[in-house]
Colleague: 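This structure is in structure tokens; I'll ask about it shortly.
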Amino acid sequence: MPGIDECLLEAMRLPGARGAALVDWTSGLALGAVGEAPGGDHETSAAEAAELARLAAEHGTFATVRAGLPPVEDLIVSNGDSYHLLRFVDTSFDSSVFLHLWLGREEGNLALARIRLGEMAARLVLG
Amino acid sequence: MVRIPPPALPVRDRRAARALSPMLTRLAEERATGVLVREHGVLYLAEGRVVHAESPLAPDLGVLLTAHGTLAAAAWQRAAARAPDPARAAEALLRSGVLPTGALELCHLDALYDAGYFALAPSGTPGRFRYGAGPRLGPLPSVPVVALERETLRRRLLLHRLWPDPAADSAPLIRADPAPAPAPALPVTPRQRAVLDRVDGVRTAADLARDLGRQAFHTLVDVRRLTAAGRIAPVPADPGPPPAPPPLPVTTDPDIALLKRLRDALEAL
């Protein structure tokens with residue numbers, strides 16, 4: 001069963017992966033990080049990505065209210081150079097974490113990464 | 001409609017990273033192993049790294065794992081009873097394979113940073129360190145002292161930006177009617193609603209966190225946001241028994257003129 005580091009290293013094997021982190025969106029803490037950070041610093045990236053994740057998770061426009069489902073599944077931000085994929089991790093205990101994967105736009109495959117990251121998020125906490 | 005956006009999560013300022021406890025800094029430098037007991041919590045150090053933290057103000061790993069049925073209470077009690085110290089109970093769980101590794105690592109780190117925040121809170125008494133071979137670097141992740149200190153400072157700053165008065169962190173909380181504001185009140189999020197529904201004039205933020213099986217710091221974030229929105233307030237500290245009322249003045253000279261004016265006014269209605 002993979003731990004946090006194994007999960008992040010697995011994410012880094014996706015084509016075009018530049019960096020990956022597990023982040024708590026309430027505090028902005030990176031609980032684990034590998035590879036490059038978008039701004040050169042994983043702590044800053046974690047705090048900024050957490051702010052985006054929190055806005056999506058806490059606002060009715062984006063969050064589902066169906067019982068038993070996490071409020072948001074994932075967030076995608078694209079720019080001219082790269083993709084950011086934020087996958088919320090649905091834990092059976094109370095937590096507020098997401099996986100943040102940073103992909104180069106040229107080599108990255110967003111659709112594949114989205115499917116794989118969802119599987120990794122599930123395996124991380126479900127085994 | 002003018003809305004003040006919530007403040008951004010603070011970013012750690014490396015230049016401002018200062019030691020919260022000079023004793024802890026020294027212990028990290030000498031790669032000490034043992035248990036640091038401070039006023040609001042305990043840090044377990046192995047070779048200068050934090051392997052476990054406890055605080056009466058933060059729910060422990062057992063509470064976090066059992067509150068929502070991730071782990072049966074009996075399974076946690078068994079692991080805790082067999083382990084020589086609480087830090088090893090989590091390792092026993094890991095070995096037994098009852099929980100996925102990632103889930104346990106995540107919950108362990110959540111609990112460590114949560115209790116560590118309170119253990120490093122300013123205290124009025126000096127900390128005591130007991131050198132000993134108890135704690136050790138195990139299979140679960142450990143955290144460098146400086147990382148825990150920086151994160152604790154960042155969390156203090158985050159709470160301060162949400163609402164600068166720390167009174168609601170430790171006092172019993174009561175519900176309040178938000179004062180009418182020029183802008184519509186920010187909606188209460190589902191997580192805040194769960195906190196708000198349990199505010200009863202008796203329970204503190206730490207009690208609410210335990211009730212909800214939630215990290216205490218996460219609960220403080222919601223408590224400070226709800227306080228800032230005027231929806232809850234700390235119960236003022238009990239000032240003790242009220243002072244005895246002053247003796248009633250004895251007078252034999254009531255103000256006849258005032259009574260007459262009052263009677264005239266009533267009759268004129």
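The shown structure was predicted, so the numbers you read here are calculated from the model rather than taken from an experiment.
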Colleague: Any side-chain heavy-atom pair from B:Pro100 and A:Leu124 closer than 4.5 angstrom?
Modeller: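 B:Pro100 vs A:Leu124: side chains apart.
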Colleague: Just give me the residue among A:Asp24, A:Thr91, A:Val89 that pairs up with chain B most often, heavy atom to heavy atom, under 4.5 Å.
Modeller: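 Maximum pair count with chain B is reached by A:Asp24.
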Colleague: So, A:Glu58 side chain and B:Thr189 main chain: donor-acceptor pair closer than 3.5 Å or not?
Modeller: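 No; zero donor-acceptor contacts below 3.5 Å.
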Colleague: Any side-chain heavy-atom pair from B:Arg154 and A:Leu29 closer than 4.5 angstrom?
Modeller: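 Yes, at least one pair of side-chain atoms sits under 4.5 Å.
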Colleague: Looking at B:His68, I want to see if its NE2 is surrounded by more than 12 non-hydrogen atoms of other residues, nucleotides or ligands under 6.0 Å.
Modeller: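 Yes, because the 6.0 Å sphere around NE2 of B:His68 holds more than 12 heavy atoms from other groups.
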Colleague: Using non-hydrogen atoms and a 4.5 Å limit, figure out which bit of B:Leu64 sits close to chain A: side chain, backbone, both or neither.
Modeller: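 For B:Leu64, backbone heavy atoms alone lie under 4.5 Å from chain A.
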Colleague: Could you give the distance from CG (B:Leu220) to OG1 (A:Thr26), rounded to the nearest 0.5 Å?
Modeller: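 Result: 11.5 Å between the selected atoms.
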Colleague: Does a side chain donor of either B:His218 or A:Asp94 reach within less than 3.5 Å of an acceptor in the other side chain?
Modeller: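 There is no such pair (donor and acceptor under 3.5 Å, judged by atom type) between the side chains of B:His218 and A:Asp94.
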Colleague: Using non-hydrogen atoms only, which part of B:Arg214 is less than 4.5 Å away from chain A: side chain, backbone, both, or neither?
Modeller: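 Both parts, backbone and side chain.
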Colleague: Strictly distance-based, threshold 3.5 Å: is any side-chain N or O of B:Thr101 a donor or acceptor partner for the main-chain N or O of A:Pro2?
Modeller: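 Pair absent, no side-chain N/O of B:Thr101 close to backbone of A:Pro2.
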Colleague: With the side chain counted from C-beta on, respond yes when A:Ile4 and B:Leu109 share a heavy-atom pair under 4.5 Å apart, and no when they do not.
Modeller: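 Of all side-chain heavy-atom pairs linking B:Leu109 with A:Ile4, at least one is under 4.5 Å.
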Colleague: Find the distance between CZ (A:Arg54) and CZ (B:Arg191) and round it off to the nearest 0.5 Å.
Modeller: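 Reported value, rounded in 0.5 Å steps: 11.5 Å.
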Colleague: Rounded to the nearest 0.5 Å, what separation is found between the CZ atom of B:Arg155 and the OG atom of A:Ser27?
Modeller: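 It comes to 4.0 Å.
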Colleague: What verdict does the side chain to side chain contact (heavy atoms under 4.5 Å, CB included) test give for B:Leu106 and A:Phe93, after you've listed the backbone C-alpha separation in whole Å, the side-chain angles of each residue and the deciding distance to 0.1 Å?
Modeller: CA-CA 10 Å; B:Leu106 173 54; A:Phe93 51 92; 3.9 Å; yes
